[in-house]
Amino acid sequence: MEELLRFILILAAIWLFIRRFRRPGTRGGVSRASPENRRPDSIPMLRCARCGVYVPHNDAVSAHGQAFCSRQHAAMGARQ
C-alpha cells in the first residue's frame, strides 16, 4: 500500500513539474493563434452580446456599440 502511494506521489510530482515548465500559451503542444500567425484570409469572429454565439465579423449586427448574431437579438439588447 505504501509503495502505491509513493508511486502516485511521484507521478503527481512529474505532472506538476511538466505543467510548471511548459511554455505559456500552449495547450497540448499546439500554440494558440497569435495575430502574426493568423492566416491572411481569416475573418475575425465576434461574440453575440445576447446569446454568446460567435459570428463572422461580416455577418454580425452592430447595435448600441455591441455585436449581435441577428437583428432579433440586437432588438432585445445585451443579456443582463
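In what follows, every heavy atom counts, from backbone to side chain, and hydrogens, waters and symmetry copies are set aside. Just so it is clear, the structure is predicted and the values come from calculations on it, not from any experiment.
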A.B. asks: If I take atom SG from residue Cys69 and atom CZ from residue Arg47, how far apart are they, to the nearest 0.5 angstrom?
C.D. replies: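 Here the interatomic distance stands at 11.5 Å.
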
A.B. asks: List for me each residue that meets salt bridge (Lys or Arg N to Asp or Glu O under 4.0 Å) alongside Glu3, sequence neighbours excluded, and say none if there are none.
C.D. replies: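 Scan of Glu3 (salt bridge (Lys or Arg N to Asp or Glu O under 4.0 Å), adjacent residues dropped) gives none.
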
A.B. asks: Do Met45 and Pro56 have side chains that approach each other closer than 4.5 Å (heavy atoms only, starting at C-beta)?
C.D. replies: yes

A.B. asks: Between atom CD1 of Ile10 and atom CG of Leu5, what is the distance when rounded to the nearest 0.5 Å?
C.D. replies: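 Here the rounded value is 10.0 Å.
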
A.B. asks: On a heavy-atom basis, which atom in Cys48 and which in Phe68 lie closest, and how many Å separate them?
C.D. replies: SG-CA, 3.8 Å

A.B. asks: Sequence neighbours excluded and cut-off under 3.5 Å, please list the side-chain donor-acceptor pairs for residues 59-67, or say none.
C.D. replies:
none

A.B. asks: Which pair of heavy atoms, one from His57 and one from Leu46, lies closest together, and at what distance?
C.D. replies: CD2-CD1, 3.5 Å

